[in-house]
Amino acid sequence: MKNILITGGAGFIGSHVIRTFVNKYPDYNIYNLDKLTYAGNLGNLKDIEGSSNYTFLHGDITDETYIKNIFSEYQFNNVIHLAAESHVDRSIKDPLAFAKTNILGTMILLNEFKNLWEKNWENKRFYHVSTDEVYGALGETGLFTEETSYDPNSPYSASKASSDHFVRAYGETYNMPYVISNCSNNYGPNHFPEKLIPLFINNVIEEKPLPVYGDGKYTRDWLYVIDHANAIDTVFHKGINRETYNIGGFNEWKNIDLVLLLCKLMDTKLNRAQGTSEKLITYVKDRPGHDLRYAIDATKINKELGWAPSLVFEEGLSKTIDWFLNNREWLENVTSGEYKNYYKKQYS
Ligand code: NAD
Ligand code: DAU
């Protein structure tokens with residue numbers, strides 16, 4: 001029986017990973033450790049909360065005593081680590097919070113994992129779920145491969161790069177079995193509406209301005225979140241220890257082109273005249289240190305582990321918009337309270 005600790009399982013990607021593992025692997029005991037920050041929401045997991053192979057642990061990865069206690073009690077033989085502060089704009093305003101959770105929190109988990117299993121690493125694995133932002137920014141051409149040097153530009157990406165380095169250091173120094181994946185921008189159901197796609201869906205619904213940073217020509221590679229959850233399942237089960245796998249959608253969009261597509265789809269779905277939502281687009285001050293372009297070469301995971309994205313973007317975006325339109329209560333819950341203060345500070 002595998003006891004798997006998944007951290008950050010109440011967040012956007014984590015909740016899809018938890019659901020995938022709980023439903024697909026009834027023989028595993030899945031423990032979801034989450035602090036329930038503004039980004040964590042147990043409402044994301046209502047459908048599986050009564051499953052017999054699922055346990056929720058409310059705690060903080062930076063609380064060393066708590067982490068020590070749960071490792072001793074549950075003897076996790078595998079960790080899939082997603083808990084993090086994840087939003088670049090917030091990292092610009094409060095970099096220390098990102099260093100604390102993303103670097104120190106990761107180290108505390110690594111340390112307890114090492115203390116527990118150092119004398120017997122057999123069938124143990126620490127999986128760090130990371131980001132393509134560690135590679136920095138691309139120019140107009142080229143792709144990030146697993147060999148691209150780290151060159152992070154934001155406090156968020158610097159903290160994730162640092163945590164990747166600590167995972168590798170534990171592998172080298174203590175022989176700890178680990179695997180890392182670096183993924184591109186996710187989108188889909190349960191996405192917190194501080195990120196581009198859910199923020200703009202919410203603003204179109206509310207007929208509020210759509211704040212495009214800079215000239216809108218920044219480029220991202222988008223992947224449907226359930227495809228990412230399946231990739232994590234694949235890497236966890238088939239990935240080779242000490243390897244890194246890049247995960248991406250081969251799906252690059254300039255922000256402004258994506259926003260125009262989103263506006264068009266939403267006008268149709270909301271029975272508004274074509275061109276209505278587009279009028280909400282407002283160019284605003286650029287993000288400091290804004291990376292021009294991210295694009296992932298996902299050949300390795302495709303050729304070596306057989307993973308590929310299942311959806312084309314237009315289909316995924318349409319499904320995502322439908323999810324938000326059908327889950328207004330979820331959206332209202334997460335946009336009340338703290339969100340209002342954040343929104344005011346970030347956009348006024
Ligand atoms: P998210 O912000 O939606 O969720 C993060 C989760 O971590 C929340 O449930 C939150 O409560 C929890 N958390 C935060 N601090 C914690 C702490 N100190 N202790 C315990 N739990 C804590 O993030 P996400 O977008 O789902 O990203 C998940 C992971 O995937 C992150 O590590 C992120 O760096 C990585 N990632 C995200 C993307 C993306 O596009 N969103 C892409 C690649 C990689
Ligand atoms: O690449 C993977 C990363 O993708 C993850 O590691 C991060 O956790 C995740 O937040 C995401 O980072 P980005 O900064 O790329 O995502 P965001 O949705 O914040 O921004 C996407 C693009 O849209 C980026 O070029 C900035 C732009 N943008 C964003 C917001 C919130 C705007 O133009 N206006 C906005 O209001």
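Here the structure is a predicted model, which is why all the values come from computation and not from measurement. Here, residue 1 is the first one in the sequence, and each next residue gets the next number.
- No side-chain heavy atom of His191 sits less than 4.5 Å from a side-chain heavy atom of Val225.
- Residues Asn302 and Ala308 come closest through the heavy atom pair ND2-CB, 3.7 Å.
- Transitive grouping of hydrophobic side chains (ILVMFWY, heavy atoms separated by less than 4.5 Å) brings Ile301 and Ile80 into a common cluster.
- Relative ring orientation between Tyr25 and Tyr28 is described as parallel, the plane-to-plane angle staying below 30° on a 0-90° scale split at 30° and 60°.
- No side-chain N or O of Tyr213 forms a donor-acceptor pair with one of Asn255 less than 3.5 Å apart.
- Lys35 and Thr62 share no donor-acceptor pair across their side chains, judged by distance under 3.5 Å alone.
- Phe324 pairs in a side chain to side chain contact (heavy atoms under 4.5 Å, CB included) with only one of the listed residues (Leu331, Val204, Asn190), which is Leu331.
- Note: Trp253 and Phe313 have tilted aromatic rings, judged against thresholds of 30 and 60 degrees for the angle between ring planes.
- Within the 4.5 Å cutoff, the side chain of Lys100 has no heavy atoms near those of the Leu96 side chain.
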Go through Ile61 and Ile108 one step at a time and tell me if the side-chain contact (heavy atoms from CB on, under 4.5 Å) criterion holds.
-> CA-CA 7 Å; Ile61 57 168; Ile108 287 173; over 6 Å; no
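- Note on Arg293 versus Glu252: salt bridge recorded, some NZ/NE/NH1/NH2 to OD/OE distance being below 4.0 Å.
- Between the side chains of Gln274 and Thr268, a donor-acceptor pair is found at a separation under 3.5 Å.
- If you take NZ on Lys24 and CD1 on Ile30, they are separated by 12.0 Å, rounding to the nearest 0.5 Å.
- Atoms CG and OG, from Asn23 and Ser51 in turn, are 6.0 Å apart once rounded to the nearest 0.5 Å.
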Checking side-chain hydrogen bond (donor to acceptor under 3.5 Å, both in side chains) for the pair Ser130/Asp164: CA distance, chi angles, key distance, verdict?
-> CA-CA 7 Å; Ser130 192; Asp164 283 359; 3.0 Å; yes
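- Side-chain contact between Leu260 and Ile281: present, with at least one pair of heavy atoms (C-beta onward) separated by less than 4.5 Å.
- Closest approach of Glu304 and Tyr245 over heavy atoms only: OE1-CE2, 4.2 Å.
- When side chains are defined from C-beta on, Leu116 does not count as touching Phe76, because their heavy atoms never get closer than 4.5 Å.
- No side-chain heavy atom of Leu258 sits under 4.5 Å from any side-chain heavy atom of Tyr187.
- Remark: the Asn102 side chain and the Tyr156 side chain contain no N/O donor-acceptor pair separated by less than 3.5 Å.
- A donor and an acceptor atom, one from each side chain of Trp330 and Asn44, are located under 3.5 Å apart.
- Remark: the Tyr127 side chain and the Ser181 side chain contain an N/O donor-acceptor pair separated by less than 3.5 Å.
- Pro211 and Asn203 get closest at one heavy-atom pair: CD-ND2, 4.0 Å.
- The shortest side-chain heavy-atom distance between Asn175 and Arg242 falls under the 4.5 Å cut-off.
- Using a 3.5 Å distance cut-off with no hydrogens or angles, the side chains of Asp151 and Ser149 do not pair a donor with an acceptor.
- Taking all atoms of both residues into account, the shortest heavy-atom contact from Leu261 to Glu314 is CD2-CG, 4.2 Å.
- Atom CD of Glu332 sits about 12.5 Å away from atom OH of Tyr339, to the nearest 0.5 Å.
- The aromatic rings of Trp121 and Phe113 sit tilted relative to each other, their planes meeting at an angle between 30° and 60°.
- The two atoms that bring Leu82 and Ile13 nearest to each other are CD2-CG2, 3.8 Å, heavy atoms only.
- Close placement of the Tyr74 and Tyr31 rings is indicated, their centers lying within 6.0 Å of each other.
- The cationic atom of Lys2 (NZ for Lys, CZ for Arg) does not lie both less than 6.0 Å from the six-membered ring centre of Phe21 and within 45° of the ring axis.
- With Glu243 as reference, Lys300 is the one residue of Lys300, Arg125, Lys238 to meet the salt bridge (Lys or Arg N to Asp or Glu O under 4.0 Å) rule.
- Between the side chains of Asn41 and Asn333, no donor N or O sits under 3.5 Å from an acceptor N or O.
- Between Val88 and Ser154, the shortest heavy-atom contact is CG1-CB, 4.0 Å.
- Between Arg90 and Glu338 there is a salt bridge, since a side-chain N of the basic residue sits under 4.0 Å from a carboxylate O of the acidic one.
- Between Phe12 and His16, the ring-plane angle classifies as perpendicular under the 30° and 60° cut-offs.
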Verify side-chain contact (heavy atoms from CB on, under 4.5 Å) between Val22 and Asn32, making sure each step is shown before the conclusion.
-> CA-CA 10 Å; Val22 165; Asn32 170 14; over 6 Å; no
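- No side-chain N or O of Asp291 forms a donor-acceptor pair with one of Tyr135 less than 3.5 Å apart.
- Considering only heavy atoms from C-beta on, Lys114 stays 4.5 Å or farther from Thr173 through its side chain.
- No hydrogens or angles considered: nothing links the side chains of Asp132 and Ser184 as a donor-acceptor pair under 3.5 Å.
- Using a 4.5 Å heavy-atom cutoff, the side chains of Tyr283 and Ile256 are in contact.
- Looking only at distances, a side-chain donor or acceptor of Trp307 sits under 3.5 Å from a matching main-chain atom of Asp227.
- When atom types are taken as modelled, the side chain of Asn251 and the backbone of Trp222 share a donor-acceptor pair closer than 3.5 angstrom.
- If you look at Tyr150 and His165, their ring centroids are closer than 6.0 Å.
- Defined by atom type and a distance below 3.5 Å, a donor-acceptor pair is present between the side-chain atoms of Tyr342 and His87.
- In summary, the side chains of Glu133 and Tyr294 do present a donor paired with an acceptor at a separation below 3.5 Å, with no hydrogens or angles considered.
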